[in-house]
J.: 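Take a look at this one; I'll ask things after.
For the single chain, residues carry numbers from 1 onward in sequence order. The structure presented is a predicted model; accordingly, all values stated were derived computationally and were not measured.
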Amino acid sequence: MTTVLILRLSRICFVVAVALFFTLVAYGNVTDYGSNFLFVTHVLSMDDTFKSPSLMGRALTSPQAHHAAYAFIIAWQTLTALLCWWGAIKLWRARAGSPDTFHQAKNLALIGLSAGALLYAVGFITVGGEWFAMWQSQTWNGQEKAHIFLMFIGLALLHLNGSEATPS
């Protein structure tokens with residue numbers, strides 16, 4: 001097996017790993033809706049923060065808003081999984097092709113990986129962590145997990161986007 005093929009297979013495996021991750025997360029959120037819905041409810045309600053009057057105006061306490069936000073998250077996770085699976089299939093089909101063919105096959109996987117990274121960077125770290133002050137909660141602070149997921153997805157994104165190995 002050539003170095004180029006090994007590198008391509010490694011990249012495909014990372015995309016598959018992220019696709020599987022998002023598939024399992026979305027599946028878990030649908031089949032065990034209440035577990036993470038409780039997390040979303042507490043973060044959006046800001047009921048476990050320092051309750052600074054200057055921040056509490058940001059709190060969303062409407063159950064409809066909680067369900068809408070959670071549905072949006074699940075839809076985003078599902079879309080990310082589908083894009084990554086579809087991207088992995090395209091990469092698999094192009095694995096023995098020219099560097100240009102393989103490079104062109106990266107598009108869907110790059111979109112899927114970017115979508116996954118954005119969910120955790122924007123949704124959990126920025127909006128949840130900063131806007132809703134999730135960092136202040138001892139119980140409902142998901143920033144550490146979001147950082148772990150972001151690093152995992154970011155590694156896959158960087159690896160996929162790297163240049164091809166040149167035969168020596």
Side-chain angles (χ1 to χ4, degrees), residues 1-32 35-37 39-40 42-44 49 58 69-166:
M1 202 177 316
T2 68
T3 303
V4 171
L5 184 57
I6 292 169
L7 183 61
R8 288 178 179 181
L9 292 174
S10 173
R11 290 174 172 169
I12 294 166
C13 286
F14 268 89
V15 174
V16 167
V18 174
L20 180 61
F21 170 75
F22 275 100
T23 300
L24 295 176
V25 169
Y27 178 77
N29 284 338
V30 170
T31 60
D32 186 19
S35 293
N36 284 326
F37 178 71
F39 171 83
V40 170
H42 285 289
V43 170
L44 296 181
T49 63
R58 300 174 182 178
Y70 194 39
F72 179 79
I73 291 167
I74 294 169
W76 194 281
Q77 292 165 338
T78 303
L79 178 62
T80 299
L82 292 171
L83 287 166
C84 287
W85 283 120
W86 191 8
I89 291 167
K90 285 188 72 172
L91 290 167
W92 178 257
R93 290 178 179 160
R95 73 189 180 283
S98 70
D100 192 48
T101 300
F102 189 76
H103 182 72
Q104 288 175 0
K106 293 179 182 180
N107 289 344
L108 280 174
L110 288 171
I111 293 168
L113 294 171
S114 296
L118 287 169
L119 175 63
Y120 289 104
V122 176
F124 286 84
I125 296 170
T126 305
V127 175
E130 292 304 318
W131 183 257
F132 291 107
M134 179 172 61
W135 66 271
Q136 295 179 2
S137 175
Q138 299 236 4
T139 306
W140 303 105
N141 184 355
Q143 286 192 305
E144 184 178 341
K145 292 292 185 190
H147 282 101
I148 291 168
F149 300 154
L150 181 58
M151 291 304 104
F152 165 52
I153 298 160
L155 178 63
L157 188 56
L158 288 172
H159 186 38
L160 179 62
N161 204 34
S163 61
E164 288 275 301
T166 53

J.: Report the C-alpha separation of Leu9 and Trp92 in whole Å, then their side-chain angles, then the decisive distance to 0.1 Å, and conclude whether the side chain to side chain contact (heavy atoms under 4.5 Å, CB included) test is met.
T.: CA-CA 8 Å; Leu9 292 174; Trp92 178 257; 3.5 Å; yes
J.: Do any N or O atoms from the side chain of Arg11 and from the backbone of Gly162 form a donor-acceptor pair under 3.5 angstrom?
T.: yes
J.: Look up atom CD in Gln77 and atom OG1 in Thr23, then write down how far apart they are to the nearest 0.5 Å.
T.: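 Rounded to the nearest 0.5 Å, the CD-OG1 separation comes out at 10.5 Å.
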J.: If you look at every heavy atom in Val18 and Ala156, which pair is closest and at what distance?
T.: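 Smallest heavy-atom distance, with atoms named: CG2-CB, 3.8 Å.
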J.: Would you say the side-chain atoms of Arg8 pair up with the backbone N or O of Gly97, donor to acceptor, closer than 3.5 Å?
T.: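 Flag set: sc Arg8 to bb Gly97 pair under 3.5 Å.
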J.: So how far is it from Glu164 CD to Ser98 OG, rounded to the nearest 0.5 Å?
T.: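 So the gap between those two atoms works out to 9.0 Å.
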J.: Do the side chains of Thr80 and Leu119 get nearer than 4.5 Å, heavy atoms only?
T.: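 No. Closest side-chain heavy atoms not under 4.5 Å.
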J.: Looking only at heavy atoms, which two atoms of Ala69 and Leu44 are closest? And how far apart?
T.: CB-CD1, 3.7 Å
J.: Measure the CZ-CG distance between Arg95 and Leu7 for me, rounded to the nearest 0.5 Å.
T.: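 So the gap between those two atoms works out to 15.0 Å.
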J.: Using a 3.5 Å cut-off and no angle test, enumerate the donor-acceptor pairs between side-chain atoms of residues 143-153 and protein atoms at least two apart in sequence or in another chain.
T.:
from	atom 1	to	atom 2	distance (Å)
Gln143	NE2	Ile125	O	3.4
His147	ND1	Gln143	O	2.7

J.: As an exercise, state the distance from CZ of Phe102 to CG of Leu5, rounded to the nearest 0.5 Å.
T.: 9.0 Å
J.: Evaluate the criterion side chain to side chain contact (heavy atoms under 4.5 Å, CB included) for residue pair Leu91 and Leu160; output intermediate values, then yes/no.
T.: CA-CA 10 Å; Leu91 290 167; Leu160 179 62; 3.8 Å; yes
J.: Answer whether the closest heavy-atom distance between the side chains of Asn161 and Leu113 falls below 4.5 Å.
T.: no
J.: Classify the ring geometry between His159 and Phe14 as parallel (under 30°), tilted (30 to 60°) or perpendicular (over 60°).
T.: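 Perpendicular.
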J.: Indicate the atoms forming the closest heavy-atom contact of Ala19 with Ala81, along with that distance.
T.: O-CB, 3.9 Å
J.: Grab the two heavy atoms, one from Trp86 and one from Leu108, that are nearest each other, plus how far apart they are.
T.: CD2-CD1, 3.3 Å
J.: Shortest non-hydrogen contact from Ala88 to Val16?
T.: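 Smallest interatomic distance, heavy atoms only, reads CB-CG2, 3.7 Å.
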J.: As an exercise, state the distance from CG of Asn29 to CG of Leu24, rounded to the nearest 0.5 Å.
T.: 11.0 Å
J.: Looking at side-chain heavy atoms only, is the closest gap between Thr78 and Tyr27 below 4.5 Å?
T.: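 Side chain of Thr78 against side chain of Tyr27, heavy atoms only: no contact under 4.5 Å found.
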J.: Kindly give the heavy-atom pair with the smallest separation between Ser114 and Leu157, and that separation in Å.
T.: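 What the structure gives for the nearest pair is OG-CD1, 4.0 Å.
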J.: Which pairs count as side chain to side chain donor-acceptor pair (under 3.5 Å) when at least one residue sits in residues 128-141, sequence neighbours excluded?
T.: Asp48-Ser137
J.: Rounded to the nearest 0.5 Å, how far does OH of Tyr120 lie from CH2 of Trp76?
T.: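 Answer for the CH2-OH pair, Trp76 versus Tyr120, is 12.5 Å.
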J.: Does CZ in Arg93 sit with more than 12 non-hydrogen atoms of other residues, nucleotides or ligands closer than 6.0 Å?
T.: no
